[in-house]
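Read through the structure below, which is laid out as structure tokens, and then see the notes.
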Amino acid sequence: NILAARVLAETIKTTLGPKGMDKMLVDSTGNIIVTNDGVTILSEMDIEHPAAKMLVEIAKTQEKEVGDGTTTAVMLAGKLLENAEKLLDQKIHPTIITKGYRLAADKAKIILNSLAAEISSEDELIRIAQTAMTGKGAEHAKEKLSELLVQAVKSVVENGRVNLDDIKIEKIKGKSIEESSLIEGIVIDKEKVSQEMPSKVVNAKIALLDCPLEIRAPERETRLSITSPEQLQSFLTQEENTIVSMVQKVVSSGASVVVCQKGIDDVAQFYLAKKGIYAVRRVARTDLQRLAKATDGKIISNLKELTEKELGFASLVQEVKEGDDNMTYITGCKNPKAITLLVRGGTEHVIDEVERAIRDALGDLASVIEDQKVVAGGGAVEIELSKRLKEFAQTLRGREQYAVEQFALAMEFIPTTLAENAGLDPLDILTELKVMHESGNKNHGLNLFNGKIEDTFLRGIIEPLRVKTQAISSASEVAVMILRIDDVIASGKPKQRSANLPGMDGYD
Ligand code: ADP
Ligand code: MG
């Protein structure tokens, strides 16, 4: 188990930090992903070993809770297990090790809190976003992007909380990353269903439908016997009438825009266009929900319920050409918190990787806005933590002090790897860092912009406190869990209820 976890940590450690390398993932059908993002690598990897799978789970938890720091979390877990192995070799029992690790993790949280600083300016937020994107696909546009991201996150803050789902990310192929932009409103990747419709609707009243504007095919197999042309004609007229009455329903509600999750058929398109209504179809459910929130409209599943009350409002709905596609921009929404980040980039692989970097940065920004606490990056906080945990180990009486010590040593894995990935000598860097921290420079870390050891906090290499606390707590939890396993037993298929033998009624 320990070996499996270590191998995994070794695999991803080369991606850590601004000088980390990328991985190219190739699946069995030949699709490729080029990424530097820990959680993406791990979740795309074909992993069989059960203990390694547990490590992948940490990355996913980290991604969900914070959105960044996934590589760090998995590396720490791997290192904690590697160090535990040394203790096991010295005949220290796993229960002692797990006890020590738990003590250390609790202490680490307290220390981290005491090391954290309150965020004081918007400039710091920008720095945090930049730190998150340094060395990723978004690197060369990070100045521009970080400003956009800060603006985006700030505009969706609600009572000190940030729901990142409120920020819609729409990817557009073409132009460069620098031309990414923030739109106050919702952009959906759909064009109007008919060329006859207006391209622009001012003061739009928007019907949000999750029912189709077409006649559904009957669910059961149905056969109609038609014996004369008149019958066929009346059947078709009947169908058309049904659709016309659907459109009539929309028109009489006063809607000037229809956003439909399902289909809109040709006849409906024709009549909607005749009424000057702008309509889009097959819109994603999530977009419909965002629109409901943004325009203060209600999603309607049954056309009969559609009245003016349910309509959403936006001051402008417009079709805009983006590259080869047309998109629908819905701006000037009732709720100004609705925003879309348009991410542009040359190729799909590039945009996807930029999006991952952006999501990391957004996660960091959200954590900081919620907690207001930041720490120094570039390994600074890890070294200080390591130093203080070693001091803490000295105060313990029992054998668990060895475990706390190993926990402390595991923290050094972050700065040494940052150095190694940048082609610097890890031992030299570690020694210098330790000297600085011994003399009280608690924010000194490795600045990889210039390869120097200095106060990384002052240099703007800052990260949210939550990234570090979450990484340490999930890494130690999983290490403890794996250490407590003494055997892996293949369990059978999930049990089925035993079938009664004939003549055994009542003996269940
Ligand atoms: P993770 O998935 O853990 O977030 P990253 O590849 O994003 O991994 O690397 C994060 C690490 O890189 C953090 O420890 C952070 O402090 C460090 N880092 C970021 N920018 C710099 C920099 N300019 N100099 C040194 N370290 C940096
Ligand atoms: Mg990161």
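Please read all numbers here as calculations on a predicted model, not as lab measurements. Whatever order the structure lists them in is the order used to number ligands and atoms, beginning at 1.
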Audit row: His49, Asn1, side-chain contact (heavy atoms from CB on, under 4.5 Å) steps and yes/no
CA-CA 8 Å; His49 197 285; Asn1 284 338; 3.1 Å; yes
In the protein, which heavy atom is nearest to atom 24 (N) of ligand 1, and how far is it?
Leu448 N, 2.9 Å
Are Asp325 and Lys173 within salt-bridge range, i.e. N to O under 4.0 Å?
no
Listing, residues 365-372 side-chain donor-acceptor contacts under 3.5 Å, not counting sequence neighbours, or none:
{"from": "Ser367", "atom 1": "OG", "to": "Gly363", "atom 2": "O", "distance (Å)": "2.8"}
{"from": "Glu370", "atom 1": "OE1", "to": "Arg161", "atom 2": "NH1", "distance (Å)": "3.2"}
{"from": "Glu370", "atom 1": "OE1", "to": "Arg466", "atom 2": "NH2", "distance (Å)": "2.9"}
{"from": "Glu370", "atom 1": "OE2", "to": "Val162", "atom 2": "N", "distance (Å)": "2.9"}
{"from": "Asp371", "atom 1": "OD1", "to": "Arg466", "atom 2": "NH2", "distance (Å)": "3.1"}
{"from": "Asp371", "atom 1": "OD2", "to": "Arg466", "atom 2": "NE", "distance (Å)": "3.0"}
{"from": "Gln372", "atom 1": "NE2", "to": "Ile369", "atom 2": "O", "distance (Å)": "3.1"}

In terms of residue, atom name and distance, what is the protein heavy atom nearest to atom 4 (O) of ligand 1?
Asp68 OD1, 2.8 Å
At under 4.0 Å between heavy atoms, which part of Leu446 makes contact with ligand 1: side chain, backbone, both or neither?
backbone
heavy-atom search around atom 2 (O) of ligand 1 in the protein gives Thr71 OG1, 2.8 Å
Donor-acceptor side-chain pairing of Lys468 and Thr72 below 3.5 angstrom
no
Is it true that the side chains of Gln289 and Thr286 contain a donor and an acceptor less than 3.5 Å apart?
no
Can you tell me the protein heavy atom closest to atom 3 (O) of ligand 1 and the distance?
Thr72 OG1, 2.5 Å
Could you tell me which atoms of ligand 1, counted from 1 in the order shown, lie closer than 4.0 angstrom to a heavy atom of Thr15?
6 (O)
Can we say Arg290 and Asp165 salt-bridge, meaning some charged N sits less than 4.0 Å from an Asp/Glu carboxylate O?
no
For atom 17 (C) of ligand 1, find the nearest protein heavy atom and state the residue, atom name and distance (0.1 Å precision).
Leu418 CD2, 4.0 Å
Pairing donors with acceptors under 3.5 angstrom, does anything connect the side chains of Thr95 and His93?
yes
In this structure, does ligand 1 have an atom that sits under 4.0 Å from one of the heavy atoms of Pro18?
yes
Note: ligand 1 atoms sitting under 4.0 Å from heavy atoms of Leu16 are 3 (O), 6 (O), 8 (O), 9 (O)
Hey, which atoms in ligand 1 end up nearer than 4.0 Å to a heavy atom of Thr70?
1 (P), 2 (O), 3 (O)
Is the contact between Lys468 and ligand 1 made by the side chain, the backbone, both, or neither, using heavy atoms and a 4.0 Å cut-off?
side chain
I'd like to know if Lys434 and Glu438 make a salt bridge, using a cut-off of under 4.0 Å between side-chain N and carboxylate O.
no
May I ask which of Glu463, Glu382, Lys136 has a heavy atom nearer to atom 13 (C) of ligand 1 than the others do?
Glu463
What atoms in ligand 1 come closer than 4.0 Å to a heavy atom of Phe449?
23 (N)
N or O contact, Gly378 vs ligand 1, cut-off under 3.5 Å:
yes
Between Lys79 and Glu412, does any NZ, NE, NH1 or NH2 come within less than 4.0 Å of an OD or OE carboxylate oxygen?
no
Going by the atom numbers of ligand 1, which of them fall below 4.0 Å from some non-hydrogen atom of Gly377?
16 (O)
Protein contact of atom 19 (C) of ligand 1 - nearest heavy atom, named by residue and atom, plus distance
Thr131 CG2, 3.5 Å
Please name the atom of Asp68, limited to N, O or S, that comes nearest to the Mg ion (ligand 2).
OD1
Side chain, backbone, both or neither: which part of Ile461 has a heavy atom under 4.0 Å from ligand 1?
side chain
Gly69 N/O to ligand 1 N/O under 3.5 Å
yes
Give a yes or no on whether a salt bridge exists between Glu322 and Arg344, defined as a side-chain N under 4.0 angstrom from a carboxylate O.
yes
Got the closest protein heavy atom to atom 6 (O) of ligand 1, with its distance?
Gly17 N, 2.9 Å
Test: Arg388 and Glu384 ion pair at under 4.0 Å:
yes
Applying side-chain hydrogen bond (donor to acceptor under 3.5 Å, both in side chains) to Thr35 and Arg356, what does each step give before you reach the verdict?
CA-CA 8 Å; Thr35 184; Arg356 286 187 282 270; 3.2 Å; yes
